[in-house]
Structures are given as C-alpha cells and as structure tokens.
Trainee: 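I'd like to ask you about the structure that follows.
What you see is a predicted model, and the numbers here were worked out from it, not measured in a lab. Just so we're on the same page: letters track the sequence lines, and every chain starts at 1.
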There are 2 protein chains.
Amino acid sequence: MGKKNNYTVEDVAKLAEVSTATVSRVFNKSAKVNEQTSQRVLEAAKELNYRPSRVAQRLRGKRKHSMIIGLIVTDLENPFFSEIARGVEDIAYQNKNAVMVCNSNEDKAKEKFYLEALIAEQVSGFILVPTTHNNKLITEIINDEYPVVCVDRKLNIGDINVDSVTVNNKQGAYRAVERLIKLGHQRIAIINGLEELSTTVERFEGYKQALEDYDISLVDELILYADSREEGGIKSTKQLLELKERPTAIFSINNLMTLGCLEELNTQGINIPGEIALIGFDDMPWSKALNPPLTAVRQPGYELGVSAAELLLKRLSNPSRNTSDIVLNPELIVRASCGN
Amino acid sequence: MGKKNNYTVEDVAKLAEVSTATVSRVFNKSAKVNEQTSQRVLEAAKELNYRPSRVAQRLRGKRKHSMIIGLIVTDLENPFFSEIARGVEDIAYQNKNAVMVCNSNEDKAKEKFYLEALIAEQVSGFILVPTTHNNKLITEIINDEYPVVCVDRKLNIGDINVDSVTVNNKQGAYRAVERLIKLGHQRIAIINGLEELSTTVERFEGYKQALEDYDISLVDELILYADSREEGGIKSTKQLLELKERPTAIFSINNLMTLGCLEELNTQGINIPGEIALIGFDDMPWSKALNPPLTAVRQPGYELGVSAAELLLKRLSNPSRNTSDIVLNPELIVRASCGN
DNA sequence: ATGAAAGCGCTAACAA
DNA sequence: TTGTTAGCGCTTTCAT
C-alpha cells in the first residue's frame, strides 16, 4: 500500500552507475552527455519508472515558474466562461503550459482561497475574471509583480496597472438597444447583472446612451438588477410582466438570465416578439435552436481567452513590458426574437 | 521590477529575532510558542508580507499531498462536464481542498500531458473522465497507488481496481427508446457518440435491448456514429434525412449532438414530433426553451461530481479502502419533442 | 520554550 | 564528458 513511485535522482544514478548531476543533465538536456551513458540513465529511469519531482525542481531551479497558468473564472457553468477557458487552454497548450482552472463562483472568499492556493503552488501567472473591482488581495498580488491578466472584467482600482482583455460592452449594448428603438420600441426594459461588475456598468451605459441619443427617457421601473443566473432572469421577467404598463421589449444582459427570461415569457404565453421583443447579451450554441431563435450580442469568448493567454505569455517572457488593454468588439446576431 | 515577495522563513526569523524553527512553529501551530514571541513573529511576517512556499513545504514535509484535487474532463465546454466540475468543487471546497480542472478535449496526448503535470505537482489525487478505455499511463498511475476516481466513464481495463462513479446508461437509453416504441415508432434511429467510449457502448446496448424486447429488428442504416459534438449531430441528421425511408424517430446520445440534430431538423423544416420525434440523452438548462421543448434523459451531473469527490476524499483518508463502483440512475424528462 | 542542524529531491557552479 | 558539492525554503529531530 503506497509504494507511490518515490524514486529519486539518486536511485537512478546508482542504478545507472553515474552521478546525480548526469541524470539531471540527461533529463534536462542541459549539457552534452555521452550517448551511451545517456542510454544507461534512460534505461535505469524507465526500470524504476522514475519521474522527476517538479516540486524539488522548482525549489531548486532558477526558472521559478511552473509552466502552469492559473485561470480563475466566476462561473464555470456559464458557457461564456468555458469558451474563455478553451481559448486560454489552446494557447497555453501550444506553449507547453498547463492550465488549472478554478471557479470562484462569484464568491470573494473562494476567489481568495484559490488565489492563495495558486500562488503557493507557484503558478507562472494568473488569468482572472475578478469578482468585484475592489480587491485588496489582488492589488497586493499585482504590486508584488505577479503576472496577472484580467479578462472580461476590468479591475477598477485607482492607479494600478494590469493587462486586460475585455469586450466593448457599451458598444454591444448600444447596438442592441438601438436596434430595438429602430424597430419602434420605446418602452425598453433592461435586466442588468450584478450591480458592481464593470460589465454591468458598461452595458447599462450603452443602454442609457442609446435611449438618450434617441430622446427616450429612462424609466425606473424598467431598470432591473438580478444575479446573473437563470433564476434572476425568471424573477425579473415576472416583475416586468406585473407592471401596469408592460415593456414592449426586454434587453437581458447575460446569457443565463436571458434563458430564464425566455422561459418565463413562454410560460406565460407571451408572444415573442409580437407582444414583447427580446434581445440578449451573449450568443450561445443553442441560441438559434430556441423558441423563438434569439437575437443576441455575440461576444468572442474564445478569442478573449486566446488574447488573455497570449498577453500573459508575453509578460512572462518580458516582465518589464508595459501593460496593455485589449478591447474586442462584439457583434449583433439578428434572429427572430426581436422581430424585424 | 520583480521583487516578487520572495521573503523566506529566514528573513522573518531575523526580523523577529528568533530562529527559523520558531517561525515555522508559529505558522504551523506545531508546538507551544511563547505568546509574545509568537506576536513578534506574526508582526514580522506581516511586515514582510511573508507567504510560506508550499513548494518547499511539500518537499520537506511528511504530508506529501497538496490538498489539491486534479480533475480532468474531456470537454469543458460541454455543460454536462461543467456540472460535474461544480459538484467536485463544492465538496472539495468544503474540505479545504482546491480543484484544478484540466480539459483533455478527448485527446490522449493532452490527457497524458495533464496527468503528468498534475502528478509532478503532487496533487492529492485525480478525478478523471478517461478518454478511452485503454490507457497505459493511467494503469501505471493506478498501480502506483495514486488515488484515482473515474467519473462518467469506466476504465475497462482487465483486472484493475479503481473507484468509479457512473450513470446507468443502459437503463436510461432503454427507457428513452421504450418510450418511443410505446408511442408507435418502429423506425428508430440512434446517433451514437465516439465508438470506443463506455457510455456509447452502454447506451447502444440499452437501445438494442429495447428493440429486442419489443421484437423490432436492428436496421444498419439507422445506426450512426458521430463525434459527440454539435457538428456530428448535424452531419448524422443530414444522413438520416437522405435515406429513402426516413426514420420516424431519432435517439441522440449526447447533448451537443442533439442540439445539432434539432437544428438540422428545423433547418429542413421537418415537423417535430409530427414527422420525426426526437429524444436526447442529457437534459440541459436550455432544453425546455428549445423549439420544440426537448424530451431527454436527465443525468445527475452535479451529483456525479459530488459522489466522485466524496469517494476520492475517502480514499485519501484511508488508502487501503476497498474500491467501489457507484451507479446513479438517470430519469426521463418528457416534453414535446417526442409527442405523446 | 527555543535554537542548531540535517535533509527533502533536485540543479548549477565549479572541478577534474 | 563527468563528478562533487552547495544550496533552494522549509520542517523536524535533537539539544539546550
């Protein structure tokens, strides 16, 4: 019970009748080794099924980093974030880095827990979807010059410098709402996500801007906030439907809430887009198979992940590089749910 | 540039004017330390913003494991697997373990890469959705007494003993097909997933069993295999629709393929379930919002993850424990896509 | 209650 | 080309 393959360089060295240094050299190709000696070492290693301990390597080595990228997202069940994860992973894997993804579940304590675990494990750097702007730990980490890239959301902390990759949320929202307006809608409700998120703030700005540009005034009862989950969409939609004067269109700011919204509308037998038109933020694989097919602002999740990983890799190879903010543009995918 | 907070026990010891041993004792509460000394150490540590290096701890310490669970899934973008991940994570977090999830993307080389990375990092153990049955590396790892739990798929290797948590796939498939038969269908097509997966094999068995029990013979042209992705569903459906004699019902074995299937059916204007009925394996958050709402076999993804994590934790605390196989039962969720 | 010192498994000078 | 040796940062005897 538990031999657990704990052979060391020394065991291999002994079996191959060489020094530990030679074993190390063979494994790392860090210096010329005689072909035959090399063979002997490899055979010995194979016989013992030897695996170098990365823990020891890391403790000793000058290359302090682990070739492991930590990715912390806020909701792994949300396909938008799994798309990001895929993007990160593809780039990382191409560069022989492993990605370890952790799910903070929008919970600050969990985020902290994972951040600390990953630092303790000495990951090379982080790609992070921060839970909220104001995070002391993250500030510390960044000030400690730990390589960090924020993705999807910005870290709105005073004068701090971080790489970031985000989407032009304001523009995306603006286009969605503009579309609705041009279709003749005036009473346009918005279901916002968590209030403190930069994405929520920006999308809401797009909404306000569009209304303003078209001389439509904001109506309090049409501006809702929910929890970015399906449940939140259902609840908000119910609330909207109870209004004396219902909205003629709903702009839902996140994929899962949109699903909830659609469900509730269908449940209550509302005709979409006849009675109420619907546009969502975030286009999903199933959007076109929905009833009705959903008009949505498509965010390039995969590309977000790719860019973030590339950015992190660049910083890793050049730590003194200036930080940069990459902003990707979303796109409005028009389908039946908003009419035409 | 790059101070990177590399303070060590020694720095703290110096500042607090104690020995490194004392610092260690304070941090690990591993022995009585004078209250005042302890205070001094803590202050010194805070001042330097000292974080013990887990790498060094692990190299030295007797507790060899890291409180990190490695989870390797085959498709992180598939919500079924993210549900599993959530289950694993919740249990792990409750027990102060971190989860690092890796995505093998159904690729053996990638699976190997991650397996080795995680072992090298000395994770406490694995929860694994194996890419295919026959995997030498995994056999080795298990034989090395590394704690492993297989989830969703079994590792059909000869005499090896592993903990596993799976779904009763045969039963689930049987019920789906039986339902179709009872609704009067005789020409029932099946779109299988990757041929070598245990899940595919078992679901196909359920299909065959049901047909046999109701005296319906197997028809080759109605038995298709695809790649478990949306694209595969589209392709297979096209193929089915080109048949001289079309099936009257389709049983699609995986969520993403079902989506593809539905899309293609809708694209070609097929009436569901009028012309062709559809049942899928795997119920998803969006299933009820589809057009038409989808009848599906619901797999308890979250519970799968929970059970797997619990099993792993048990093995960790008692390595000589007998292995066990947990089988969870699926459930047929009836909606409009199969008629009634 | 505290300190000194050994050593975990490995790599990188420095020698030979 | 190969070996010897000194640590990496920490925990853990063994002394004191």
Side-chain angles (χ1 to χ4, degrees), chain A residues 2-42 44-45 48-67 116 119-123 144, chain B residues 2-42 44-45 48-67 116-117 119-122 144:
Chain A
K3 76 171 150 51
K4 270 257 191 77
N5 188 13
N6 273 330
Y7 289 109
T8 73
V9 255
E10 233 164 330
D11 300 315
V12 178
K14 211 160 287 171
L15 187 58
E17 298 178 293
V18 296
S19 73
T20 61
T22 299
V23 175
S24 172
R25 286 193 269 256
V26 170
F27 268 79
N28 301 298
K29 306 183 200 333
S30 55
K32 290 252 121 65
V33 175
N34 179 318
E35 181 57 29
Q36 307 193 4
T37 333
S38 180
Q39 282 308 327
R40 282 216 313 287
V41 170
L42 259 12
L48 299 178
N49 194 7
Y50 163 76
R51 276 188 242 283
S53 151
R54 273 220 219 175
V55 173
Q57 286 179 323
R58 211 114 43 74
L59 185 54
R60 185 56 181 82
K62 196 57 222 109
R63 166 164 69 46
K64 272 305 187 197
H65 60 258
S66 49
M67 307 291 278
E116 286 180 335
I119 288 185
E121 295 302 323
Q122 313 219 13
V123 297
D144 278 356
Chain B
K3 76 174 151 47
K4 268 259 189 80
N5 187 14
N6 271 331
Y7 291 110
T8 73
V9 256
E10 231 163 332
D11 300 315
V12 178
K14 211 160 287 170
L15 187 57
E17 298 179 293
V18 295
S19 72
T20 60
T22 299
V23 175
S24 171
R25 286 192 268 256
V26 169
F27 267 79
N28 301 298
K29 307 183 200 333
S30 56
K32 289 252 121 65
V33 174
N34 180 318
E35 181 56 29
Q36 307 194 4
T37 333
S38 179
Q39 281 308 326
R40 283 218 312 287
V41 169
L42 259 10
L48 298 179
N49 195 7
Y50 163 74
R51 276 188 242 281
S53 150
R54 271 220 222 174
V55 173
Q57 285 179 325
R58 213 113 45 73
L59 185 54
R60 187 57 178 76
K62 197 58 222 103
R63 168 164 68 48
K64 273 303 185 195
H65 62 258
S66 50
M67 306 291 277
E116 284 179 337
I119 288 184
E121 294 301 323
Q122 314 219 10
D144 277 356

Trainee: If I take atom CG in residue A:Leu59 and atom P in nucleotide D:dC8, what distance separates them, rounded to the nearest angstrom?
Mentor: 9 Å
Trainee: Could you give the CZ-to-C1' distance, from B:Arg58 to D:dC8, as a whole number of Å?
Mentor: 15 Å
Trainee: Would you be so kind as to tabulate the donor-acceptor pairs closer than 3.5 Å made by side chains of residues 9-16 of chain B, with sequence neighbours excluded?
Mentor:
unit_1  : atom_1 : unit_2 : atom_2 : d
B:Asp11 : OD2    : B:Thr8 : N      : 2.8
B:Asp11 : OD2    : B:Thr8 : OG1    : 3.4

Trainee: State whether a side-chain donor-acceptor pair under 3.5 Å links A:Asn34 with A:Ser38.
Mentor: no
Trainee: Roughly how many Å is it from NZ in B:Lys14 to P in D:dG9, rounded to a whole number?
Mentor: 12 Å
Trainee: Report the distance from atom CD of A:Gln39 to atom C1' of D:dT1, rounded to the nearest whole Å.
Mentor: 16 Å
Trainee: Find the distance B:Arg54:CZ to D:dC8:P and express it as a whole number of Å.
Mentor: 23 Å
Trainee: Indicate yes or no: at least one non-hydrogen side-chain atom of A:Lys32 is less than 4.5 angstrom from one of A:Arg25.
Mentor: no
Trainee: State which of C:dC10, D:dC10, C:dC8 makes the closest approach to the side chain of A:Gln57.
Mentor: C:dC10
Trainee: If I take atom CZ in residue A:Arg51 and atom C1' in nucleotide C:dC10, what distance separates them, rounded to the nearest angstrom?
Mentor: 17 Å
Trainee: If the cut-off is 4.0 Å, is A:Tyr50 near the phosphate of C:dC10, judged by side-chain N/O to OP1 or OP2?
Mentor: yes
Trainee: From the options C:dT2, D:dT2, D:dG9, select the nucleotide whose nearest atom is closest to the side chain of B:Ala56.
Mentor: D:dG9
Trainee: Tell me the interatomic distance from B:Glu10, atom CD, to C:dG3, atom C1', rounded to whole angstroms.
Mentor: 13 Å
Trainee: Where is the tightest heavy-atom contact between B:Ser53 and B:Ala56, given as atom of each residue plus distance?
Mentor: OG-N, 3.0 Å
Trainee: For A:Thr8 and B:Asn34, find the nucleotide of DNA chain C closest to each by heavy atoms; which residue's nucleotide sits nearer the 5' end?
Mentor: B:Asn34
Trainee: Between C1' on C:dG9 and CG on A:Asn28, what's the gap in Å once rounded to a whole number?
Mentor: 13 Å
Trainee: B:Ser24 versus B:Thr20: any side-chain heavy-atom pair under 4.5 Å?
Mentor: no
Trainee: Where do B:Val41 and B:Phe27 come nearest, in terms of heavy atoms and distance?
Mentor: CG1-CE1, 4.4 Å
Trainee: Between A:Arg40 and A:Glu17, which heavy-atom pair has the shortest distance, and what is it?
Mentor: NH2-O, 3.7 Å
Trainee: Identify the pairs formed between an N or O of the protein and an N or O of nucleotides 3-7 of chain D at a distance under 3.5 Å, and give each distance.
Mentor:
unit_1 : atom_1 : unit_2  : atom_2 : d
D:dG3  : OP2    : A:Ser19 : N      : 2.9
D:dG3  : OP2    : A:Ser19 : OG     : 3.2
D:dG3  : OP2    : A:Thr22 : OG1    : 2.7
D:dG3  : N7     : A:Arg25 : NH2    : 2.6
D:dG3  : O6     : A:Arg25 : NH1    : 3.1
D:dG7  : N2     : A:Arg60 : NE     : 2.0
D:dG7  : N3     : A:Arg60 : NE     : 3.0

